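All values reported here derive from a predicted model rather than from experimental measurement.
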Amino acid sequence: MKKTLYLITIFVLVLFSFCACKDEEASDKKAVSIVRQPGTPAGGNKETEEEEEEVTLYIVQELNTEEEYIVLKSTIYDKNYVYHYTLATRFLDKYGTLTSSLNFTPGTVVTLGERKTKGVLSSIQIAKEVWNYTDIDNFSIDTERNVVVIGGENYKLTDETMVFSDDVMASVSDIGEDDVINVIGKDKVIYTITVVTGHGYLLLANTEKFDGSLIYIGKTLITEVTSDMQVSVPEGTYDITVANNGYGGTKTVEILRNNVTVLDLAELEGEGPKTCQLTVSSTVSGASIYIDGNQIEAGVETPVTYGKHNLTISVEGYDTWSKTLYVNSATANISIDPTQSDKGKTSADNDSSSNSSTTDSSSTDNSNNNTSSTNNSSTSSSSSSSSTTDKQQTERDYLSTLSSLINTLTGTGN
């Protein structure tokens, strides 16, 4: 009897030990978590999620500096992503040093930082994990073997290799034997090929009075001014405009291929403080209009110093409409329909030179900006948020999407 009880006791102890080991093993498994990189598609099974941990490299397809969004494609998955950014987003070169957003041209391979509040990217960096061969004029493409020969070395083309020409997507067959190309890849695999149509560099000097403000290079290239910054710009002639704290001006500059053009911003300061005779009107009567918190009279010229200002319109029965306004012209007329603020309807007309500046850095959510201007204008974009259902086959992760962007991407715009 004692022997039987002894054996039963041993059996129970072994059973408890086995169960404890199982519980500990289960606990260890529960402690495992998947950390998804920003922009990585959600959903899928565990195996897919574990693979998605490796998705850290993205290819820039488009950088819209006016509406402040960037379109990216994963280097592994056939998926596109649209991200919103602001002046607070840090654009970094491959060494982690601050650089201009204009250096993130289509075909650039990047990594992403964490998302901030409301989904805005905190940082985006040129990938240090890839190699970048620039200005290649001695190469050959073997389409049968899917290789590009550069310097006697073979580099593989894949179905995911992207080709860009004039900042738009192209194909390998569009590359001519006399073209100059930039090639980016990892190991022996090519990620992107960019046909170089001719770029030069703009180097800014004496930026002190304009640091942190915006510089407009032509009508579409917009970036924040930093000390001694240098940006890549397609060759051509541009009207370049800056304005900040009552100082600013415009200068016509020619960018030559493969040359560095120095622009001394001290030449654009002028005698300050400069003012703009700004007239703001509303399509709705009884609107209260404020510049930097101070109420102004609708339809009446108001002197406003060059630089950044806050424009707010309040109408009873409607949501308050707020903008950030960058003034860089002698006169400006802005007409706003606050009842259509979700569509961002504004119009501006001036009688000065032939430049316009339009931006919004006060909000992380932008709306469609429909601005018509003649001659020189200092205008702004409205602030609202919108949502949509993805209508394309490729999955997009929309952050603070713009209604106009949605129309463009889905093909539903007029």
Side-chain angles (χ1 to χ4, degrees), residues 36-41 44-45 47-63 70-83 92-96 99 103-112 124-199 232 234 258 392-397:
R36 185 177 289 110
Q37 294 291 330
T40 302
N45 55 33
E47 181 179 353
T48 301
E49 288 182 344
E50 288 175 345
E51 289 176 352
E52 288 177 349
E53 280 190 278
E54 301 176 4
V55 182
T56 58
L57 298 180
Y58 301 86
I59 298 170
V60 176
Q61 294 193 66
E62 178 186 358
L63 179 73
I70 186 168
V71 183
L72 304 172
K73 182 183 183 298
S74 165
T75 58
I76 296 180
Y77 301 101
D78 187 20
K79 297 181 184 295
N80 297 333
Y81 306 87
V82 178
Y83 285 95
L92 308 173
D93 63 19
K94 66 185 299 182
Y95 304 106
T99 187
N103 292 325
F104 289 71
T105 54
T108 305
V109 179
V110 301
T111 57
L112 304 180
I124 179 170
Q125 181 173 356
I126 296 175
K128 58 185 177 182
E129 295 85 354
V130 298
W131 44 260
N132 184 1
Y133 299 153
T134 60
D135 298 329
I136 302 169
D137 56 9
N138 185 13
F139 65 92
S140 62
I141 300 177
D142 187 334
T143 55
E144 292 186 358
R145 295 192 299 141
N146 287 326
V147 297
V148 177
V149 182
I150 304 172
E153 296 286 337
N154 291 340
Y155 296 89
K156 183 175 179 58
L157 293 168
T158 71
D159 292 338
E160 285 71 41
T161 299
M162 302 185 71
V163 179
F164 296 89
S165 180
D166 292 328
D167 288 345
V168 297
M169 291 185 61
S171 64
V172 173
S173 60
D174 295 322
I175 303 174
E177 59 181 13
D178 295 326
D179 285 337
V180 177
I181 61 175
N182 295 340
V183 182
I184 299 176
K186 186 177 181 181
D187 299 327
K188 289 291 185 177
V189 177
I190 295 176
Y191 286 158
T192 66
I193 300 176
T194 303
V195 178
V196 180
T197 56
H199 284 70
S232 175
N258 298 327
Q392 294 203 347
Q393 294 179 350
T394 55
E395 180 180 346
R396 288 187 169 88
D397 187 4

Full working for side chain to side chain contact (heavy atoms under 4.5 Å, CB included) between Arg145 and Asn154: CA-CA 10 Å; Arg145 295 192 299 141; Asn154 291 340; 3.8 Å; yes

Indicate yes or no: at least one non-hydrogen side-chain atom of [X] is less than 4.5 angstrom from one of [Y].
{"X": "Asp174", "Y": "Val195", "value": "no"}
{"X": "Ile59", "Y": "Thr108", "value": "no"}
{"X": "Val149", "Y": "Asp142", "value": "no"}
{"X": "Val148", "Y": "Val183", "value": "no"}

Minimum-distance pair of heavy atoms, taken over all atoms of [X] and [Y]:
{"X": "Asp179", "Y": "Phe139", "answer": "O-CE2, 3.3 Å"}
{"X": "Thr99", "Y": "Asp93", "answer": "CG2-N, 3.6 Å"}
{"X": "Met169", "Y": "Phe164", "answer": "CG-CE2, 3.7 Å"}
{"X": "Thr158", "Y": "Val189", "answer": "CG2-CG1, 3.9 Å"}
{"X": "Ile175", "Y": "Ile181", "answer": "CG2-CG2, 4.1 Å"}
{"X": "Val163", "Y": "Ser171", "answer": "CG1-O, 3.7 Å"}

Nearest-0.5 Å distance, [atom1] of residue [X] to [atom2] of residue [Y]:
{"X": "Glu160", "Y": "Thr75", "atom1": "CD", "atom2": "OG1", "result": "9.0 Å"}
{"X": "Ile136", "Y": "Ile150", "atom1": "CD1", "atom2": "CD1", "result": "4.0 Å"}
{"X": "Asn103", "Y": "Thr105", "atom1": "CG", "atom2": "OG1", "result": "7.5 Å"}
{"X": "Ile70", "Y": "Leu112", "atom1": "CD1", "atom2": "CG", "result": "8.0 Å"}
{"X": "Glu62", "Y": "Leu72", "atom1": "CD", "atom2": "CG", "result": "10.5 Å"}
{"X": "Thr111", "Y": "Leu57", "atom1": "OG1", "atom2": "CG", "result": "7.0 Å"}

Would you say Asn132's side chain and Asn182's backbone share a donor-acceptor pair under 3.5 angstrom?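 Looks like no, no N/O pair under 3.5 Å.
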
Any sub-3.5 Å donor-acceptor pair from Trp131's side-chain atoms to Asp187's backbone N or O? yes

Going through the distances and angles, do Asn146 and Thr161 end up as a side chain to side chain contact (heavy atoms under 4.5 Å, CB included)? CA-CA 11 Å; Asn146 287 326; Thr161 299; over 6 Å; no

Does a sphere of radius 6.0 Å around CD in Glu129 hold more than 12 heavy atoms from other residues, nucleotides or ligands, not counting ones at 6.0 Å or beyond? yes

If you count heavy atoms of other groups shown closer than 6.0 angstrom to CG of Asp135, is the number above 12? yes

Carefully, step by step, assess Tyr58 and Lys73 under the rule side chain to side chain contact (heavy atoms under 4.5 Å, CB included). CA-CA 5 Å; Tyr58 301 86; Lys73 182 183 183 298; over 6 Å; no

Could you go step by step and tell me if Ile141 and Leu157 meet the side chain to side chain contact (heavy atoms under 4.5 Å, CB included) rule? CA-CA 9 Å; Ile141 300 177; Leu157 293 168; 4.2 Å; yes

